[in-house]
Amino acid sequence: MNEDAGGSHGRQGAIAAIKEAAATADAKLYEIALLSFDSDDYEQIVALAWRYQFDTDRSKFKRELRELQEHVGKQILARLELEE
């Protein structure tokens, strides 16, 4: 097995684990957030972790994670506005 296939398999497992955690989360407590995430958001979380896992300079990881947080935050706010 080459590294790309193993990396792809590992990323898919990580995405599946995040989705499983979301599925078992307290739906009443996190309903808006859970409804606001889409598959691409989960994939972006794993891609960030994968891309920077061996980088000792965490600033790039933190910056991109903040950008993703802003993106998801906007989705959550939009959903909240629809609920009103």
Side-chain angles (χ1 to χ4, degrees):
M1 176 187 318
N2 66 33
E3 286 184 38
D4 290 336
S8 176
H9 179 71
R11 283 189 293 273
Q12 293 306 315
I15 292 167
I18 289 175
K19 288 180 178 180
E20 181 181 338
T24 60
D26 183 345
K28 287 184 181 181
L29 186 58
Y30 302 109
E31 179 181 18
I32 299 296
L34 290 169
L35 292 172
S36 299
F37 269 79
D38 58 31
S39 265
D40 187 52
D41 296 325
Y42 293 114
E43 290 173 18
Q44 290 300 319
I45 292 168
V46 172
L48 278 173
W50 224 262
R51 186 168 40 250
Y52 296 113
Q53 66 182 325
F54 299 115
D55 193 346
T56 56
D57 177 9
R58 307 306 283 169
S59 62
K60 292 181 226 172
F61 171 76
K62 290 177 181 178
R63 181 181 65 244
E64 288 189 41
L65 190 59
R66 278 191 298 275
E67 290 171 3
L68 180 59
Q69 180 182 9
E70 285 180 32
H71 167 74
V72 172
K74 289 176 184 176
Q75 290 175 191
I76 291 170
L77 289 174
R79 185 168 293 278
L80 283 170
E81 289 175 359
L82 287 175
E83 297 283 322
E84 291 179 349

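Model, not experiment: these values are computed from the prediction.
Counting all heavy atoms, side chain and backbone alike, Phe37 lies closest to Val72 at CE1-CG1, 3.4 Å. The shortest non-hydrogen separation linking Ile32 to Arg79 is O-CD, 3.8 Å. Between Tyr42 and Ala22 the shortest heavy-atom distance is OH-CB, 3.4 Å. Of all heavy-atom pairs spanning Glu43 and Ile15, the tightest one is CG-CD1, 3.4 Å. Ala25 and Tyr30 make their closest contact through CB-CD1, 4.1 Å (heavy atoms, listed as atom of the first residue, atom of the second, distance). When every heavy atom of Tyr52 is checked against every heavy atom of Arg58, the shortest pair comes out as O-NH1, 2.8 Å.
Around CD of Glu20, the count of heavy atoms belonging to other residues, nucleotides or ligands within 6.0 Å does not exceed 12. In Lys19, the NZ atom is crowded: over 12 heavy atoms of neighbouring residues, nucleotides or ligands sit closer than 6.0 Å.
In this structure, the side chains of Lys60 and Arg51 stay at 4.5 Å or more apart for every pair of heavy atoms. Looking at heavy atoms from C-beta onward, Val46 lies out of side-chain contact with Gln12 at the 4.5 angstrom threshold.
Taking CD of Gln44 as the reference point, atom CG of Asp38 lies at 9.5 Å (rounded to 0.5 Å). The CG atom of Leu77 sits 8.5 Å away from the OG atom of Ser36 when rounded to the nearest 0.5 Å. In this structure, Leu65 CG and Glu70 CD are separated by 10.5 Å, a value rounded to the nearest 0.5 Å. For the atom pair Ser59 OG and Glu64 CD, the distance stands at 10.0 Å (nearest 0.5 Å).
By the criterion of side-chain heavy atoms lying less than 4.5 angstrom apart, applied directly or through intervening Ile, Leu, Val, Met, Phe, Trp or Tyr residues, Trp50 is grouped together with Leu48 in one hydrophobic cluster. One hydrophobic cluster, built from ILVMFWY side chains closer than 4.5 Å, cannot hold both Leu82 and Ile76; they sit in different ones.
The backbone N or O of Ala47 lies less than 3.5 Å from no partner atom in the side chain of Arg11, so there is not a single donor-acceptor pair.
Using modelled atom types, one finds no donor on one side chain facing an acceptor on the other under 3.5 Å when comparing His71 with Glu67.
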